[in-house]
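Taking it in order: structure first as structure tokens, then the write-up.
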Amino acid sequence: MKNKLVEILNKNIPSLDKQTIDDLIEVPLNSSMGDYAFPCFKLAKELKKSPVVIAKEIAEKIGTVDFIEKTECVNAYINFFVNKEQFVKQTIVPMIQQGEKYGIDKSKSKGNIIIDFSSPNIAKPFHIGHLRSTVIGNSLYRIFEALGYNCISINHLGDWGTQFGKLIVAYKNYSSKEAVEQKGIQELLRIYVMFHEEAEKDSTLEQQARDYFTKMEQGDEEALELWKWFKQISLKEFEYVYNLLDVEFDSFNGEAFYNDKMAPVIKELEDKNLIKVSDGAKIVELENMPPCLITKRDGSTLYATRDITAAKYRKQTYDFKKCIYVTALQQNLHFKQWFEVIKKMGYEWYKDLVHVPFGMVSIEAEDKSKPAQAIATRKGNVILLQDLLNQAIQKTKEIIEEKNPNLEDKDTVAMQVGIGAIIFDDMYNTIIKDIEFSWSKALNFDGETGPYVQYTHARACSVLRKSNIEEYDISLIDFDLITDEASITLVKQIGNFKSAINDAANKYEPSIIARYAVNVAQAFNKFYHDNAILVDDQKLKYARLSLVYCTTNILKNTLYLLGIGAPIKM
RNA sequence: GUACCCAUAGCUCAGCUGGAUAGAGCAACGCCCUUCUAAGGCGUGGGUCCGGGGUUCGAAUCCCUGUGGGUACGCCA
């Protein structure tokens, strides 16, 4: 409908092209100012007339058009009031025709996009700090897939480095096979912390750890066996969390995977004359930035070396359209640096490397007047993700017992809602913002929250269920029965679904989907409150139900895009 | 010291590539369940959009600058 308006305006304002007109058209917040509005300020200069006069002239030229009921000039704005029936029909018809698939293109025809996210360190517990990357990455995966891309999720595990030397030494000194098998990561963490405590007293420990890591790099069987074992134990525990969160990875190729692939890349950098030696380390000098370190004095590799190598490998393997890295903002410089190195190597695809940074998570101090505490695994100042999720599930169970004790399959619903609340909360704000974790806020399910959206969806499902209508026949819907303010607002909102997805993708910002979901839910709840749906008047009932049906699909899909389940009862 | 990020209601935040009276939620207070799920809806109060310049017909939005907070700056990741 907007397109048609653009056509008409374009005919009457030849000096502006369609794109410009399209950009200028606004949707007023208040419907008393029309459904679309065109501001004439920009035309004032070239026409050398007051914008108010221009607005009037254009409005007169346009005259009457079939789908526009009324045109009104307010100051320099031309406000268009569209024909409600046509507007509703054009919005709703494709949604009914495409059902659940509306707005979701699963063709995977637009090429490959890699999303590198979650990437926890092996042998350390999964805490709320890891949640953000996981949840944001997963959502971006689903968003880009909905736009027709083939997404590849890569968990770039932190599974290589001196820390594993430390772990081996710690294991040998302070633990046993039985203890690790029984207690898993908890035991690994315990001995890792112990190692650092002991290392302060015994300075030879650090050297022993480095030696063990060197052994690993040289392929020492005993060391590698232990490393593999630690990795396995960690992965098993991570799997548990990923299952709860409903996150899947196409690849777990972490840092260790690139161990034997870095030498050729270093050679390439040397061949291209990009390497300089500084204090024994190999570096690439950059403009307006500190240099990028490629190898240490002792010749061993660094973070950037592995990222550059991984990027090259991924380009060769997947020929990606984009490679997206979801990591904390603190790593900004690191990514800027090595992206620049890729550029200097002459690869045009450096443009397709995207860092999606997010803000820090800290933990609210018990005494709220004091500053929040940074997460510190070694100091024990952590909130384990498992604990958080379990608390959320528990809280949800209590609410269900109170509000809907006869609900069937309470456990499944409690899981979907409890976890949904946590996921939603993490992505409701612009991801760059820091989060100060607070139990009371995380477990609040009122207002703009995941459960609110889920609840709205369940409510809508309930109405559909009671209607006993399975399919909607467009030819039987009287669109002119949808006229009230609340209904029209709802139609406008659900009509924004596709642009919300595009917007979220362009900005790498899942919060746009989350906010959109709340907007739709609010519009639906208002509609639900104002309009009885299951009424005796069959025509009216059918028309309103068609709206409920579309809303249900939209809500379900917004939740899906965020990685959240949509229970049909709660 | 240099670079990057942030600053909007008591709190947490929206505000699209500048546009018509700056919006939600939480918290507070009041109202609405004999009607389709009250995890809901409605209402009230609450704002020098950090300060100062500039660009513009028009700035919370763009530019410059100052302040406050955060983060990062060669052998960790």
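Model, not experiment: these values are computed from the prediction. To find a chain, count down the sequence lines: A is the first, B the second, and so on, and within it residues start at 1.
Among the heavy atoms of the strands, none lies under 4.0 Å from A/V518. Base engagement by A/N79 is indicated by at least one non-hydrogen atom pair under 4.0 Å involving a base atom. A/K569 comes within 4.0 angstrom of a base, heavy atoms only. A/M570 comes within contact range of at least one nucleobase, with a heavy-atom separation under 4.0 Å. Heavy atoms of A/F445 sit under 4.0 angstrom from at least one base atom. Using a 4.0 Å heavy-atom distance criterion, A/A76 is classed as making no nucleic acid contact. Within the 4.0 angstrom heavy-atom criterion, base atoms lie near A/I400. Counting non-hydrogen atoms under 4.0 angstrom, A/D503 reaches nothing in the nucleic acid. The residue A/I568 sits close to a base: some heavy atom pair falls under 4.0 Å.
The side chain of A/R459 places an N or O atom within less than 4.0 Å of a non-bridging phosphate oxygen (OP1 or OP2) of B/A38.
Each of A/I399 and A/V74 was assigned the nucleotide of RNA chain B with the nearest heavy atom; the assignment lying further toward the 5' end belongs to A/V74.
B/C4 and B/G46 are spaced 40 Å apart, taking the P atom of each and rounding to whole Å. Nucleotides B/C57 and B/U65, compared at atom P, are 24 Å apart to the nearest Å. With P as the reference atom, B/G43 and B/G25 are 10 Å apart, rounded to whole Å.
Pairs passing the salt bridge (charged side-chain N to carboxylate O under 4.0 Å, His left out) check and including a residue from residues 492-506 of chain A, sequence neighbours excluded, read A/D35-A/K492, A/D503-A/K507. The salt bridge (charged side-chain N to carboxylate O under 4.0 Å, His left out) contacts involving residues 515-529 of chain A comprise A/K526-A/D530, where partners must be two or more places apart or lie in separate chains. Counting only residues at least two apart or in different chains, salt bridge (charged side-chain N to carboxylate O under 4.0 Å, His left out) contacts with residues 287-304 of chain A comprise A/E287-A/K344.
In this entry the distance linking NZ of A/K541 with P of B/C36 reads 15 Å, nearest Å. Between the OH atom of A/Y428 and the C1' atom of B/G15 there is a distance of 12 Å, rounded to whole Å.
Taking a 4.0 Å limit (strictly below) on heavy-atom distances, residues 527-538 of chain A reaches RNA chain B at A/Y528, A/H529, A/N531, A/A532, A/I533, A/L534.
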**Fill in**
Going 5' to 3' through nucleotides 72-77 of chain B and flagging B where a protein heavy-atom sits under 4.0 Å of the base, S where only the sugar-phosphate is that close, and - otherwise, we get SSBBSB
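In RNA chain B, runs of at least 3 stacked Watson-Crick or G-U pairs (N1-N3 plus N6-O4 or O6-N4, or N1-O2 plus O6-N3, all under 3.5 Å) give these stems: B:1-7 with B:67-73, B:10-13 with B:23-26, B:28-32 with B:40-44, B:50-54 with B:62-66.
Ring planes of A/H334 and A/Y303: parallel class, angle under 30° (limits at 30 and 60°).
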